[in-house]
There are 2 protein chains.
Amino acid sequence: MAVKRNGGQGKRPPRVEATAQAGRKPGGEPSLSLERIVATAVELLDAEGIEGLKMRQLADRLGAGVMSLYWHVGNKEEVFDLALDAVFAFLDQPQTDDVEDWRKGVVRMLEDWRAIMLRHPWSASLLPRRALGANILGRLETMSEALSRAGVADADMNVAIWSLWNYVLGATVTRASFALSDADQAAGQERLSALSERYPTIERTRLLLDSDWDGTFRKGLDVLLDGLPRG
Amino acid sequence: MAVKRNGGQGKRPPRVEATAQAGRKPGGEPSLSLERIVATAVELLDAEGIEGLKMRQLADRLGAGVMSLYWHVGNKEEVFDLALDAVFAFLDQPQTDDVEDWRKGVVRMLEDWRAIMLRHPWSASLLPRRALGANILGRLETMSEALSRAGVADADMNVAIWSLWNYVLGATVTRASFALSDADQAAGQERLSALSERYPTIERTRLLLDSDWDGTFRKGLDVLLDGLPRG
DNA sequence: ACCTGAACACCGTTCAAGT
DNA sequence: ACCTGAACACCGTTCAAGT
């Protein structure tokens, strides 16, 4: 599922598929497995955020000793890689082949992408730092195909894909972190008042108070899609 | 210079301006100061990256004990905040008031912004996570003014500013991290070969091999600027 | 094939002082 | 007003075993 596993040296081979008795402990608890580790890591990241993921706590939740994790996983970095790609697994069918409504399809894909990252706010900030996993590449592929059908020439494809990627990533990362750091919204307000003289335009347009994230996202996306060069 | 200082409790007030003998130790070494701390933190971040910044090492470079830092700074987070905003200080004059060439001015500002973040690759990934410092707000203000003069209505300003912000941020964050993680470019190539069947469109358009970052950035930016609603 | 505890190296920060 | 060393709590990971 993941492209690379067991980071670098890997003194021991990771587990092979099913060696017959891989099932569950007598107790009833399913024994450790990559799948369980990754799923629990996602839970933990959702609950505690990106620096709330500790190997010890992860092991605790799994009812195992810390070091047991290291048989399945090379190091903590790998847990991040796997959790990240896991979140981008496809759930629903890739959109229909409706050539007419390429745009609706593309918007749907990008909003889906954004929704996932907002549901797992750690994923947006992790995304650029990590290698692209299979699911992420799959999404880029589906996206490229849709744009290709819509008439975007191969020569323009990189600009198209990267522009959309950049936009979605930037929007989501910003939104996710604003939502978090506005725990101190009080401080934000206070600062904003002191601001009015030095930043009149920001004050006038209420830039920092815009809370219509979805609408603003969609409008900017429309600008981008309108401008894509298509044959 | 920074908007907030001394995080929360702050048992001791931070240093006030000049208390006369604030100069240098007899030895010649300038004594510790917020400015020196921040400047050295930026150096260290440039050299070692975002998780290469350790308080002990920072203190070492400054020829001081670790705990000396904590008189000037509340905690490590604050060092990040200050370093980030420091990097965005204005160096050259804000562009001329040439209303005709608003576009040239805006492009110049955004490319400047991007250049800064590429020069300090840690800054791009830090930017969304931290409160906006004075320099960053100043740049947003200048940007808003330019767009306003160019005919963007106040009602459209948020979409305009956030779209550009998202785009630049996403582009830079992606580019900076690709540059880093392509230390393992070998692995990237190998993966790409195994890919060709499963990701034919990506393979055909050579998405992951596009190295014309500057050109791609500029073209996408043009699409965005073309589409901005202006009165 | 899979799991484990003890131990190490490292790091941010508190504390109680020093000048 | 400014700096400091010792100590604490915590964390990722190595090692040498266990079954």
Side-chain angles (χ1 to χ4, degrees), chain A residues 5-27 29-37 40-41 44 48-81 83, chain B residues 5-27 29-37 40-41 44-45 48-81:
Chain A
R5 181 179 293 171
N6 230 341
Q9 25 285 29
K11 13 186 78 168
R12 320 209 181 163
R15 67 85 217 268
V16 203
E17 266 321 310
T19 10
Q21 99 287 38
R24 336 182 133 243
K25 292 184 186 171
E29 279 279 288
S31 67
L32 231 40
S33 75
L34 236 208
E35 286 70 30
R36 281 191 71 221
I37 291 175
T40 310
L44 210 51
E48 313 274 357
I50 202 161
E51 69 251 16
L53 179 67
K54 324 259 165 86
M55 294 301 267
R56 285 171 220 261
Q57 196 186 347
L58 178 55
D60 272 3
R61 275 213 193 197
L62 287 159
V66 205
M67 293 319 295
S68 310
L69 298 176
Y70 285 84
W71 197 89
H72 301 269
V73 151
N75 51 35
K76 192 180 177 179
E77 297 293 285
E78 201 180 326
V79 177
F80 280 128
D81 284 338
Chain B
R5 182 178 293 172
N6 229 342
Q9 26 284 34
K11 15 186 73 169
R12 318 208 182 167
R15 68 88 218 265
V16 202
E17 266 321 311
T19 11
Q21 99 286 40
R24 337 181 133 244
K25 293 184 185 172
E29 279 280 287
S31 65
L32 229 40
S33 74
L34 236 208
E35 286 70 29
R36 281 191 71 220
I37 292 176
T40 309
L44 209 52
L45 283 165
E48 313 274 358
I50 202 161
E51 68 252 16
L53 179 67
K54 324 256 164 90
M55 294 303 267
R56 285 171 221 260
Q57 197 186 345
L58 179 55
D60 271 3
R61 275 215 192 196
L62 288 160
V66 206
M67 293 319 296
S68 309
L69 298 176
Y70 285 84
W71 198 88
H72 300 267
V73 151
N75 50 34
K76 193 180 177 180
E77 297 293 286
E78 199 179 328
V79 176
F80 279 128
D81 284 338

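In what follows, chains are A, B, ... by sequence order, proteins preceding strands, each numbered from 1.
With rounding to whole Å, A/K76 atom NZ is found 18 Å from C/dC10 atom P. Taking atom CG of B/L53 as the reference point, atom P of C/dC10 lies 17 Å away to the nearest angstrom. Remark: P of D/dG5 and OH of B/Y70 are 15 Å apart, rounded to the nearest angstrom. Look at NZ on A/K54: it is 8 Å from C1' on D/dC10, rounded to the nearest Å. Summarising the geometry, the separation between CG on B/L34 and P on D/dC2 is reported as 11 Å, rounded to the nearest angstrom. The CG atom of B/D60 sits 14 Å away from the C1' atom of D/dT4 (whole-angstrom rounding). Distance, B/M55 CE to C/dC11 P: 13 Å, rounded to whole Å. When rounded to the nearest whole Å, the span between CG of B/N75 and P of D/dA9 equals 20 Å.
Nearest to the side chain of B/H72, among C/dT4, D/dC3, D/dG12, sits D/dC3. Listed nucleotides D/dG12, C/dA1, D/dC2 differ in distance to B/W71; the shortest reach to its side chain belongs to D/dC2. The side chain of B/A64 approaches D/dT4 more closely than any other nucleotide in the set C/dT4, D/dT4, C/dT13. Picking from C/dC3, C/dC11, D/dC3 the nucleotide with the shortest atom distance to the side chain of B/R56 gives C/dC11.
As judged by a 4.0 angstrom heavy-atom cut-off over every strand, A/M67 is placed among the base-contacting residues. Contact annotation for B/L69: no contact, since no heavy-atom pair falls under 4.0 Å across all strands.
In this entry D/dC10 has no Watson-Crick or G-U wobble partner, no candidate having both defining distances under 3.5 Å. Using the Watson-Crick or G-U wobble rule with both distances under 3.5 Å, C/dA16 pairs with D/dT4.
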